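This report concerns only the one structure given below.
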Amino acid sequence: MALGALLYLILRPMYCDYTDRARLAEIIVLSSSAKDEVAQALLAAPGKPVSLNAEQFLPAVMKIHSSSGDLIELAYRNITSKGEIQIFSPQLGVMLVLTPHLAGKEVSWTCWGSPTSNVPAMCRGEQLSAAP
């Protein structure tokens, strides 16, 4: 019994960190419509400011497809004039920034988050995807 309690105390924080990172990864996937709109705006008018309302593409509450059907609040959603998508979830305590990079006729994305210990591996400066 004591061994079970000890394992629980050691492993529970790791499990919670893992599930939070999985939820954040799903938020990134669910933000694909915002990424598509930003990519289209950048490709249509390279060098011009992006003028999009994040609330059209990112709801205030996202339902995460997990066994519990978690609802994650997005208290702050913004698309900057450079096309950066900024998302903050107080529930998870994390700020995510998806940054577009225009190269010719392709838009690639990088992701950054803070605190870095809570973000998925894909948000530690690696390239996310390219849109034609």
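The structure displayed is predicted, hence computed values, not measured ones.
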Reported CD-to-CD1 distance for the pair Gln56 and Ile79, which is rounded to 0.5 angstrom = 8.0 Å
Check whether any side-chain heavy atom of Cys111 sits under 4.5 Å from a side-chain heavy atom of Ile28, and report yes or no.
-> yes
Does the side chain of Leu58 come within less than 4.5 Å of Ile87's, by heavy atoms?
-> yes
Considering non-hydrogen atoms only, spot the tightest contact between Val94 and Phe88 and give its length.
-> O-CD1, 3.3 Å
All heavy atoms of Pro100 vs all of Val107, minimum pair found to be CB-CG1, 3.9 Å
Taking C-beta and beyond as the side chain, do Ile85 and Thr99 meet within less than 4.5 Å on heavy atoms?
-> no
Residues 79-99 vs salt bridge (Lys or Arg N to Asp or Glu O under 4.0 Å), sequence neighbours excluded, gives none
Could you check if a side-chain atom of Lys35 sits within less than 4.5 angstrom of a side-chain atom of Ser31, using non-hydrogen atoms only?
-> yes
Residues passing the side chain to side chain contact (heavy atoms under 4.5 Å, CB included) test with Glu55, sequence neighbours excluded, are Asn53, Arg77
Nearest heavy-atom pair of Leu43 and Glu106: which atoms, and what distance?
-> CD2-N, 4.1 Å
Tyr76 side chain near Met95 side chain, heavy-atom distance below 4.5 Å = yes
Heavy-atom closest pair (Trp109 atom, Leu98 atom, distance to 0.1 Å) is CZ3-O, 3.7 Å
